[in-house]
Amino acid sequence: MRVEHQRSQFSAGQMAVKSGVCLRLLALGLLLLPAAGCSTIESFNPFGGEKYETKLLADEPAEDIYDQGLVRLQKRDHDGAAKKFGELEKQFPFSQWSRKGLIMIAYSNYEGQKYDEALSAAKRYVGLYPSTPETPYAYYLAGMSMYNQIPDITRDQERAEEAVKIFSQLIEKFPKSEYVEEAKYKMNVARDQLAGKEMSVGRFYLGRKNYTAAINRFREVLGKYQTTRHAEEALYRLTEAYLALGITNEAQTAAAVLGHNYPDGQWYKDAYTLLAGGGLSPAESQGSWISRLFRRA
């Protein structure tokens, strides 16, 4: 035998929460929190808030399992919450409880900083439920799970690439979602990180006078990440590399494009000085790949 709760309805307004991600759950109707941080179970009930009396029954309803998962979340027992929500999938497959349990598994793991597990659950949700009200949030959780694991630019940037991919899918498939603006910002940060990695490798080659390899890296920055803060330096480094190779028309073009887009920047001043040292000045060649790339942008 087990204890179930006999419920009597009461009204509960939506209340502000400190956690940004909790706010998302609030908007989805998956989590309600009291304004003063009250610890009662009814404040976590996403289905209208209910008060409890005890009664012995033979079976455990799905709503009770869900409530128990919410209690574990409140106690910051993220592993326990994920396991409890997982019971919904096992005991009530193909139901709304199974669906809500799965998104809460992703959320519980995310809050517990188990990002790989959060990513797995969020991706599974998207695969099973591609068009529910919670699907954009599943994309957001998946993207953030990768975003929060982006390392410094000296290391492999696979997670940054994955974050960009997921955020791009969210923006494309749900352009009116409330998560789009934040996804765009996070995606731009991740893209800046990817550009930074390319710049780091390009400078490495440049320092070892492997100018062709360096140029390829700087070209990658301009081709893929032209809107990042690294584009300005990439143009200067192209000026430097092409001048070292004696390809003066491309060096002059890189400097001219740099001056056109960043006329007051220090990189342009440095490029101008560098060319002047060889008796040259910025001059754009319309046939240059650099010129064509910026005209297309």
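Starting from 1, each residue takes its place in the sequence as its number.
- Taking CG of D192 as the reference point, atom OG1 of T227 lies at 9.0 Å (rounded to 0.5 Å).
- Between L102 and Y129, the closest side-chain pair of non-hydrogen atoms falls below 4.5 Å.
- Here the straight-line distance linking atom CD of E161 with atom CD1 of I150 works out to 10.0 Å at 0.5 Å rounding.
- In summary, E87 and K83 do not engage in a salt bridge, as defined by a charged side-chain N under 4.0 Å from a carboxylate O.
- Here the closest non-hydrogen pair linking L206 and A241 is CD1-CB, 3.8 Å.
- S108 places a side-chain heavy atom less than 4.5 Å from the side chain of L73.
- Heavy atoms of other residues, nucleotides or ligands lying less than 6.0 angstrom from CD of Q286 number more than 12.
- Ion pairing between a basic and an acidic side chain is recognised when a charged N comes within 4.0 Å of a carboxylate O; K176 and E181 show no such pairing.
- Side-chain polar atoms of Y110 and N148 form a donor-acceptor pair below 3.5 angstrom.
- For N109 (side chain) and I105 (main-chain N/O), a donor-acceptor pair under 3.5 Å exists by modelled atom type.
- From T212, atom OG1 reaches atom CG of N210 across 6.5 Å, with rounding to the nearest 0.5 Å.
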**Request:** Assess whether side-chain contact (heavy atoms from CB on, under 4.5 Å) is satisfied between Y137 and Y107, documenting all intermediate values.
**Result:** CA-CA 10 Å; Y137 184 61; Y107 171 70; 3.4 Å; yes
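- In this model, a donor atom of one side chain and an acceptor atom of the other lie less than 3.5 Å apart for T132 and T135.
- Under the 4.5 Å side-chain heavy-atom criterion for grouping Ile, Leu, Val, Met, Phe, Trp and Tyr, Y185 is connected to L141 within one hydrophobic cluster.
- When H78, Q74, R72 are each tested for a side-chain contact (heavy atoms from CB on, under 4.5 Å) with R76, only one passes: H78.
- Under the 4.5 Å side-chain criterion, counting only non-hydrogen atoms from C-beta, M104 is in contact with Y66.
- A234 approaches L222 most closely through the heavy-atom pair CB-CD2, 3.9 Å.
- Residues D264 and K269 are not paired through a salt bridge, judged by the lack of any N-O separation under 4.0 Å between the basic side chain and the carboxylate.
- If you check the side chains of D270 and Q266, you find a donor sitting under 3.5 Å from an acceptor.
- No hydrogens or angles considered: nothing links the side chains of K197 and Q157 as a donor-acceptor pair under 3.5 Å.
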**Item:** Audit row: Q68, D64, side-chain contact (heavy atoms from CB on, under 4.5 Å) steps and yes/no
**Value:** CA-CA 6 Å; Q68 292 166 26; D64 281 2; 4.2 Å; yes
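- Using a 4.5 Å cut-off on side-chain heavy atoms (C-beta onward), N249 and S288 make no contact.
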**Request:** Any chance you could lay out the side-chain contact (heavy atoms from CB on, under 4.5 Å) test for R219 and I290, step after step, and finish with the verdict?
**Result:** CA-CA 8 Å; R219 183 169 187 162; I290 303 171; over 6 Å; no
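- Under 3.5 Å, the side chains of Q252 and Y242 contain no donor-acceptor pair of N or O atoms.
- Across all non-hydrogen atoms, the minimal contact from Y268 to P282 is OH-CG, 3.9 Å.
- The side-chain contact (heavy atoms from CB on, under 4.5 Å) with V164 is formed by just one residue from the set R159, M146, M187; it is M187.
- Rounded to the nearest 0.5 angstrom, I153 CD1 and R155 CZ are separated by 12.5 Å.
- Salt bridge K100/E63: absent, no basic N to carboxylate O contact under 4.0 Å.
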**Request:** Step by step, work out the side-chain contact (heavy atoms from CB on, under 4.5 Å) result for R99 and Y125.
**Result:** CA-CA 8 Å; R99 175 172 62 83; Y125 186 98; 3.4 Å; yes
**Request:** Carefully, step by step, assess S200 and R217 under the rule side chain to side chain donor-acceptor pair (under 3.5 Å).
**Result:** CA-CA 9 Å; S200 177; R217 294 292 181 165; over 6 Å; no
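- Between Y140 and Y179, the ring planes are parallel. Angles under 30° get that label, and only those over 60° would be called perpendicular.
- Electrostatic pairing of R203 and E233 counts as a salt bridge here, judged by a charged N lying under 4.0 Å from a carboxylate O.
- Partners of Y147 by side chain to side chain donor-acceptor pair (under 3.5 Å), not counting sequence neighbours: none found.
- Salt-bridge check for K224 with E198: failed, with every basic side-chain N at 4.0 Å or more from each acidic carboxylate O.
- The shortest side-chain heavy-atom distance between E240 and L274 falls under the 4.5 Å cut-off.
- When all heavy atoms are compared, the tightest approach of L275 to S281 is CD1-C, 3.8 Å.
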**Asked** What do the steps show when you test Y139 against K173 for side chain to side chain donor-acceptor pair (under 3.5 Å), and what is the final call?
**Response** CA-CA 10 Å; Y139 273 105; K173 295 181 179 182; 3.0 Å; yes
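- If you chain together hydrophobic residues whose side chains sit under 4.5 Å apart, L238 and Y205 never meet in one group.
- Between the side chains of Q91 and E60, no donor N or O sits under 3.5 Å from an acceptor N or O.
- Summarising the geometry of P61 relative to F92, their closest heavy-atom pair is C-CZ, 4.2 Å, with the distance given to 0.1 Å.
- Residues W267 and Y262 keep their aromatic ring centres 6.0 Å or farther apart.
- In this structure the side chain of V71 never reaches within 4.5 angstrom of the side chain of D77, judged on heavy atoms.
- F167 and F174 fall within a single hydrophobic cluster, where Ile, Leu, Val, Met, Phe, Trp and Tyr side chains are chained together by heavy-atom contacts under 4.5 Å.
- A distance of 11.0 Å separates NZ of K184 from OG of S168, quoted to the nearest 0.5 Å.
- When side chains are defined from C-beta on, F218 does not count as touching T239, because their heavy atoms never get closer than 4.5 Å.
- Using a 4.5 Å heavy-atom threshold, the side chains of Q149 and D116 count as touching.
- F85 and L128 fall within a single hydrophobic cluster, where Ile, Leu, Val, Met, Phe, Trp and Tyr are joined by side-chain heavy atoms under 4.5 Å apart, directly or via other members.
- Remark: the backbone N or O of I215 is not paired with any side-chain donor or acceptor of E220 at under 3.5 angstrom.
- Judged purely by distance below 3.5 Å, without hydrogens or angles, the side chains of S291 and R295 pair a donor atom with an acceptor atom.
- To the nearest 0.5 Å, the span separating CZ on R292 from OG1 on T253 amounts to 10.5 Å.
- Residues K84 and G69 come closest through the heavy atom pair CG-N, 3.4 Å.
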